[in-house]
Amino acid sequence: MALITCRSCNYQFSDQAKLCPKCGHPNHFLPKHNKTIAGFLALLLGGLGLHKHYLGQVFWGVFYMVFCWTFIPAIISFFEAISIFSMSEENFRNTYEK
């Protein structure tokens with residue numbers, strides 16, 4: 001747990017809080033995507049590209065959907081699931097929280 005500075009009022013508060021306790025401004029450091037959800041989507045429904053849609057990569061999600069009948073996206077998403085599960089939380093944030 002670390003302290004972050006509010007963009008609005010420069011008050012320091014916990015990085016786990018959803019809102020600044022002083023002014024109510026939302027915490028901009030909270031993750032937008034959950035690593036576990038992304039991994040399970042890649043593992044279970046990755047052939048349809050749902051994990052790509054969840055992570056905000058819409059082009060690749062549509063690409064996976066178009067070619068899902070070939071089962072190639074399912075094979076690729078299996079390895080992507082392994083990659084997502086094996087990466088650290090910090091690495092996941094740096095990769096997908098842009």
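The chain is numbered in sequence order, starting from 1.
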Less than 4.5 Å apart, any side-chain heavy atom of [X] and any of [Y]?
X: Cys9; Y: Cys20; result: yes
X: Val62; Y: His53; result: yes
X: Cys6; Y: Phe13; result: yes

| Hey, what do you get for OH (Tyr96) to NZ (Lys35), rounding to the nearest 0.5 Å? | 11.0 Å
| said: Just verifying a value: how many Å separate Asn94 CG and Met87 CE, rounded to the nearest 0.5 Å? | reply: 10.0 Å
Review item, side-chain donor-acceptor pairs of residues 68-75, under 3.5 Å, at least two apart:
{"unit_1": "Trp69", "atom_1": "NE1", "unit_2": "Val66", "atom_2": "O", "d": "3.2"}
{"unit_1": "Thr70", "atom_1": "OG1", "unit_2": "Phe67", "atom_2": "O", "d": "2.7"}
{"unit_1": "Thr70", "atom_1": "OG1", "unit_2": "Ile72", "atom_2": "N", "d": "3.3"}

At their closest point, which heavy atom of [X] faces which heavy atom of [Y], and how far apart are they?
X: Ala38; Y: Leu55; result: CB-CD2, 3.9 Å
X: Ala42; Y: Ser77; result: O-OG, 3.4 Å
X: Asn34; Y: Thr36; result: OD1-N, 2.9 Å
X: Asn10; Y: Thr5; result: CA-CG2, 3.6 Å

[X]-[Y] co-clustered via ILVMFWY side chain contacts under 4.5 Å:
X: Trp60; Y: Leu43; answer: no
X: Phe63; Y: Tyr54; answer: no
X: Ile84; Y: Leu44; answer: yes
X: Ile76; Y: Leu48; answer: no

| query | Which of these passes ring-ring contact (aromatic ring centres under 6.0 Å, His included) with Phe85: Phe40, Phe79, Phe92, Phe78? | reply | Phe40
| query | Could you give all pairs that pass the salt bridge (charged side-chain N to carboxylate O under 4.0 Å, His left out) test and reach residues 55-69, with sequence neighbours left out? | reply | none
| query | Going by the salt bridge (charged side-chain N to carboxylate O under 4.0 Å, His left out) test, which pairs reach into residues 42-66, not counting sequence neighbours? | reply | Lys52-Glu80
| task | Might you work through the ring-ring contact (aromatic ring centres under 6.0 Å, His included) test for His51 and Tyr64, ending with a clear yes or no? | result | CA-CA 10 Å; His51 66 296; Tyr64 277 42; 5.7 Å; yes
